[in-house]
K.L.:
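The following block contains the structure, expressed as structure tokens.
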Amino acid sequence: MSKIESTLDNLFAKLVNLKNLGKTRLCALWQKYSPQLQKLKQLDLATVKTFVTEYKWRILLVLIILYAGSKAYDYFFPAGDKAGGPITVTTTIAVKKDIPLIIEATGTIVSNSIVDIRPMVTNTVAKIEVKDGQEVKAGDLLFTLDDRNDKANYEKLKALADDAQSQYLRAKELVAKNFISKAGLETTSANAKSAQAAARAAEVQLSFDYIRSPIDGRAGIVNVFPGSLVQASNVVSTATSSTATSSVGSMVTITQLNPINVQFVIPEKDIPIMLENQLDGEAMTVKVSVGDTGKNVYDGKVLVIDNQVDPSIAAVRVKAQIANDSMTLLPGQFARVSLVANTLKDALSVPSQAVIINARGKIVYVVDADGKTTSKPVKVVYEYQGSSVITGIEAGDKVVVEGKQNLRPGSKVREAKINVLAPPAPSANPTTSASPNQTPAVAPSAPTSSTATGQK
């Protein structure tokens, strides 16, 4: 125990000596540099300004040397080498392809032609030849009115016209034999023509009792019954939209359902794109979906772009025509429209999630042949449903899609999977798929476009 105690005593004594030595050294340093600290307290703005003005070139040279040294350190000792191992990422190859430029809008199904059937004369309905909801052709008989009076009048005038014509023919024979004068022949000719005109007028009046369909379409609800009194010149109220013509005052409404139209509006800023494509002479194509499920999709062509912009909404009306062979579309239905306004030739397409937004703009990480990443600034031209058209890289570049949040310029990477992911091929419609060789894009002004985000 005596040895242990003596060892501890010696150790304690050494610690006390070290403490005293350190205290002595600190006091000496304080006495040496305290005058300099007093001088720093006496510094003011004028003194600092004078010093900087006098030694500005030396200060600038020191800053340049420090900056160059920092860059040289980053160059010879990149972040990828200092980080340790490679980072697992998923990449895709930037490819060139023709990309349809899609403009999305909402619209309304409208009929190509709507006709309210109303009588030309005041009469009673004798027979109804059409049923509610019946498909009719142009010229089909819809209603028969009481034709007894008009038929009798026509037969009377027809008989008079035939008699006048016979008298005219006899007069021609008598004039040839010089039994009557030529003036008498002219009188009988005028009488025959007048009688024939009266008979044709009666025939037209009689035709008003047989009401026929002027177009092909579907009949609505029949608003009259046999024996109903119908009057000419009934007032029919028409809504401001061409989708709904009121049936008040009409016997029945005939609506053409195949083909059928869709009417929608396009923002004013997208008009030049549409007009440029329209000048090519080929009608623009549309895809129309109706209903919440979006399962029913119809292809069509643009018929017309309105000749003026509505200043209240800064948009122009567009009407397109679509086939309705199944007769499932009705006027007034809400529709979603995807308009192929133009085609971008040989555009570079990558997934939108590959684009990173930082303080300097938008960038993508490109993997070189050595497996190291390089950040390249890009510009997103168009973006649609997870696919972006960009400029700033070359076709065939390997772009990082997933795992980019851990990357720095010069980082080493490795593929998460053996197969390189192909860029997604978004559909031209939210519910339909595009063709394999096309990836739709949307105009940057379209409300549905979104900006890809990322983290450097």
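Predicted model, so just to flag it, every value in this text is computed and none were measured.
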K.L.:
Measure the shortest side-chain to side-chain distance between R218 and L330 over non-hydrogen atoms and say whether it is less than 4.5 angstrom.
P.N.:
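SC-SC contact between R218 and L330 confirmed.
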K.L.:
Would you say NZ of K156 has more than 12 non-hydrogen atoms from neighbouring residues, nucleotides or ligands within 6.0 angstrom?
P.N.:
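Check fails, neighbour count at 12 or below.
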K.L.:
Has S213 got a side-chain atom pairing as donor or acceptor with V136's backbone, closer than 3.5 angstrom?
P.N.:
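It does not hold such a pair.
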K.L.:
List the steps, then state whether side-chain contact (heavy atoms from CB on, under 4.5 Å) holds for L339 with I102.
P.N.:
CA-CA 5 Å; L339 170 66; I102 304 296; over 6 Å; no
K.L.:
Indicate the atoms forming the closest heavy-atom contact of V252 with A219, along with that distance.
P.N.:
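That closest heavy-atom pairing would be CG2-CB, 4.1 Å.
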K.L.:
Report yes if the side chains of V302 and V286 come closer than 4.5 Å at any heavy-atom pair, otherwise no.
P.N.:
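They are in side-chain contact.
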K.L.:
If you measure from the Lys or Arg side-chain nitrogens to the Asp or Glu carboxylate oxygens, is any gap between K287 and D299 under 4.0 Å?
P.N.:
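Looking at K287 and D299, the cut-off is met.
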K.L.:
List for me each residue that meets side-chain hydrogen bond (donor to acceptor under 3.5 Å, both in side chains) alongside Y154, sequence neighbours excluded, and say none if there are none.
P.N.:
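For Y154 there are no side-chain hydrogen bond (donor to acceptor under 3.5 Å, both in side chains) partners, ignoring immediate neighbours.
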K.L.:
Between D147 and K151, does at least one N-O distance fall below 4.0 Å, as a salt bridge requires?
P.N.:
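Yes, charged N to carboxylate O under 4.0 Å.
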K.L.:
Give a yes or no on whether the backbone of D370 and the side-chain of D368 come within a donor-acceptor separation of less than 3.5 Å.
P.N.:
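Present.
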K.L.:
Quick one: list whatever passes side-chain hydrogen bond (donor to acceptor under 3.5 Å, both in side chains) with E155, sequence neighbours left out.
P.N.:
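Expected list: none.
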K.L.:
Mark yes or no for whether S111, through its side chain, and Q256, through its backbone, hold a donor-acceptor pair below 3.5 Å.
P.N.:
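Here the side-chain-to-backbone pair exists.
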K.L.:
May I ask you to decide whether R148 forms a salt bridge with D146, counting only side-chain N to carboxylate O separations under 4.0 Å?
P.N.:
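D146 and R148: salt-bridged.
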K.L.:
Which value, rounded to the nearest 0.5 Å, describes the distance between L407 atom CG and T373 atom OG1?
P.N.:
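Answer rounded to 0.5 Å: 5.0 Å.
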K.L.:
May I ask you to decide if L257's main-chain N or O and N324's side chain share a donor-acceptor pair within less than 3.5 Å?
P.N.:
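Pair found, side chain donor or acceptor close to backbone of L257.
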K.L.:
What pairs of donor and acceptor atoms, side-chain ones from residues 188-196 against any protein atom, are under 3.5 angstrom apart with sequence neighbours left out?
P.N.:
unit_1, atom_1, unit_2, atom_2, d
T188, OG1, G184, O, 3.3
T188, OG1, L185, O, 2.7
N191, ND2, T187, O, 3.3
Q196, NE2, Q165, OE1, 2.7

K.L.:
Quick check against the 3.5 Å criterion: does D346 have a side-chain atom that pairs as donor or acceptor with the backbone of K97?
P.N.:
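Pair absent, no side-chain N/O of D346 close to backbone of K97.
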K.L.:
Check for a donor-acceptor pair, side chain of D270 on one end and backbone N or O of P267 on the other, with a separation under 3.5 Å.
P.N.:
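Checked: no pair found.
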K.L.:
Check for a donor-acceptor pair, side chain of N223 on one end and backbone N or O of S250 on the other, with a separation under 3.5 Å.
P.N.:
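Checked: pair present.
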K.L.:
So does V399 get a backbone contact from the side chain of D397, meaning a donor-acceptor N/O pair under 3.5 Å?
P.N.:
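Such a contact is absent between D397 side chain and V399 backbone.
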K.L.:
Take atom CZ of R317 as the centre, draw a 6.0 Å sphere, and report whether it contains more than 12 heavy atoms from other residues, nucleotides or ligands.
P.N.:
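No, the 6.0 Å shell around CZ holds no more than 12 heavy atoms from other groups.
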K.L.:
Does the side chain to side chain donor-acceptor pair (under 3.5 Å) test come out yes or no for S326 and Y298, once each step is laid out?
P.N.:
CA-CA 11 Å; S326 60; Y298 306 86; 4.6 Å; no
